[in-house]
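Ligands are counted one by one from 1 in listed order, and the atoms in each one are counted from 1 as well.
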Amino acid sequence: MNQKFSLEGKIALVTGASYGIGFAIASGFAKAGATIVFNDINRELVDKGLAAYKEAGLKATGYVCDVTDEQQVKDTVAQIEKEIGVIDILVNNAGIIKRIPMTDMSAADFRRVIDIDLNGPFIVSKTVIPGMIKKGHGKIINICSMMSELGRETVSAYAAAKGGLKMLTRNIASEYGAYNIQCNGLGPGYIATPQTAPLRERQADGSRHPFDSFLIAKTPAARWGTPDDLTGPAVFLASGASDFVNGHILYVDGGVLAYIGKQP
Ligand code: NAP
Ligand code: GCO
C-alpha cells in the first residue's frame, strides 16, 4: 500500500513554491520520492526558495517564470524537459489576492488577480499536458480555495478566479482523462501563510484580529491550518493512490465548509 503513495521516479513542478503552501507541497513531494522543480516570479524569490529547500535537506531546481507569460512558460517547460525531464506532476499553486471592496476595485486590479489565479493555471497546464500525453500519464493539482465555494466581502476577483479554477479543473479532467491524466483541485481552508498574515495581525490592544476570532469560531478544528496540513492530501492526489479520482476538489479546511459556526 505504501507504494501506491510513492512519488519515486516522478518529476513534479510546483508553481510559486519559494515559500508558503507551494513550498510545503513541494517539500512533501520530495519526501515521497519526487524530483521537485519550482518557479517563482523573480530571481530573488527563486534564490530564497533554493536556500530554504537546501536548509530543509531537500534537492530542488528553481526557475524564474511568470505564470501569466505564455512565452516564459513555454521556454521554462522546455528547459525543464531538457535539464530534468518531462513533467509527471503539475501543481498550479502560484496565486495572489487583492482585498478591495468590489465597487472600489479597478478593472486592472480585478484582471491582475484573474490573470495570475486563473489564466496562469490555464497557460501552465496547456503547456505541460502534451508531455504528459506522450508519457501516457499525468497529475494536475489546482490549488483552489474556500472561495471556490463561498463569497466574502472584498475578495470578488479572487472568488471569481478560484470558482473558475474549480471548473477549469473539472474541464481538464473531462478533456484529458482519456490520456490517463487526472486533474483535481486541492481546496485549502484558512492557512497561516504570508498571504493571510493581514487577517491574523494582533490589534493595537493586543487582541485577536476580528477575522481571526471569526475564523476560529467557524472552524470545528478551532485553529488555522498550516501548510504542512496540505502535504498528505497533495501527495495522495499526486500519487497512484488517486488514479481513479478525477475532477474532484479535495477541501482541506478543518471542517469550515461543513460547519454553521460556534454560537457566540
Ligand atoms: P503566498 O504566500 O502569497 O505565495 C504565493 C506564491 O506565488 C509567492 O511566491 C508569489 O510570489 C508567487 N506568485 C505570485 N504571482 C506569480 C506569478 N505571476 N508567477 C509565478 N509566481 C507567482 O500564497 P500562499 O498562501 O502560499 O497560497 C498559495 C496558493 O494557495 C495560492 O493560489 C492561494 O490562492 C492558495 N490558497 C491559499 C490559502 C491560504 O489561506 N493561505 C487558502 C486557500 C488557497 P510573490 O511573493 O512575488 O507574490
Ligand atoms: C481571505 C483569505 C482566503 C484564503 C483562502 C481560503 O481573504 O478570505 O485570503 O481567501 O486565502 O483562499 O480558502
Side-chain angles (χ1 to χ4, degrees), residues 13-27 37-50 52 62-70 72-73 76 91-101 111-124 141-166 168-169 185-201 209-212 214-215 218-219 223-231 233-234 249-257:
L13 168 61
V14 184
T15 67
S18 293
Y19 60 90
I21 287 172
F23 177 85
I25 288 176
S27 299
V37 177
F38 73 100
N39 73 295
D40 222 306
I41 198 153
N42 59 48
R43 171 52 56 191
E44 183 188 0
L45 276 171
V46 169
D47 289 344
K48 171 185 171 183
L50 288 170
Y63 296 85
V64 177
C65 177
D66 177 344
V67 296
T68 68
D69 185 315
E70 196 162 8
Q72 277 190 39
V73 171
T76 300
V91 179
N92 286 305
N93 168 78
I96 66 166
I97 191 166
K98 291 182 183 290
R99 300 184 182 93
I100 305 167
R111 288 195 188 96
R112 187 61 180 152
V113 174
I114 298 290
D115 204 15
I116 295 170
D117 294 11
L118 181 56
N119 294 346
F122 161 74
I123 290 169
V124 182
I141 300 168
N142 292 322
I143 307 299
C144 295
S145 162
M146 295 289 92
M147 276 56 225
S148 296
E149 301 293 342
L150 304 170
R152 177 170 105 75
E153 296 81 359
T154 76
V155 296
S156 60
Y158 186 82
K162 294 298 187 180
L165 187 56
K166 174 173 74 172
L168 178 63
T169 299
L186 190 67
Y190 281 83
I191 310 295
T193 72
Q195 191 246 51
T196 55
L199 303 175
R200 289 177 280 109
E201 279 170 3
H209 187 292
F211 186 87
D212 185 359
F214 164 74
L215 193 272
K218 271 287 286 177
T219 309
R223 66 173 176 87
W224 284 74
T226 67
D228 189 60
D229 285 321
L230 301 169
T231 55
I249 313 297
L250 177 56
Y251 288 104
V252 185
D253 67 353
V256 168
L257 288 177

Gly120 to ligand 1, any heavy atom closer than 4.0 Å: no

Does Cys144 come within less than 4.0 angstrom of ligand 1, counting non-hydrogen atoms of the residue? yes

Check whether Arg200 reaches the backbone of Thr193 with its side chain - one donor and one acceptor, N or O, closer than 3.5 Å. yes

Please determine whether any non-hydrogen atom of Phe23 lies less than 4.0 Å from an atom of ligand 1. no

Atom 2 (C) of ligand 2: which protein heavy atom is closest, and how many Å away? Tyr190 CE2, 3.3 Å

Could you establish whether Gly189 and ligand 1 come within less than 4.0 Å of each other, counting only heavy atoms on the residue side? yes

Which ligand 2 atoms, with their elements, are less than 4.0 angstrom from a heavy-atom of Leu199? 1 (C), 2 (C), 7 (O)

Without hydrogens or angle criteria, can the side chains of Thr68 and Asp66 be said to hold a donor-acceptor pair below 3.5 Å? yes

Should the proximity of Val155 to ligand 2, defined as any heavy atom under 4.0 Å, be assigned to the side chain, the backbone, both, or neither? side chain

Could you tell me whether a side-chain N or O of Asp212 sits under 3.5 Å from a main-chain N or O of Leu199, the two making a donor and an acceptor? no

Which bit of Lys162 gets closer than 4.0 Å to ligand 2, counting heavy atoms only: side chain, backbone, both or neither? neither

What do you reckon, does Tyr19 have a nitrogen or oxygen under 3.5 Å from a nitrogen or oxygen of ligand 1? yes

For atom 22 (C) of ligand 1, which candidate among Ala94, Gly22, Cys65 holds the nearest heavy atom? Ala94

Can you tell which of Asn93, Thr15, Ile21 gets a heavy atom nearest to atom 29 (C) of ligand 1? Asn93

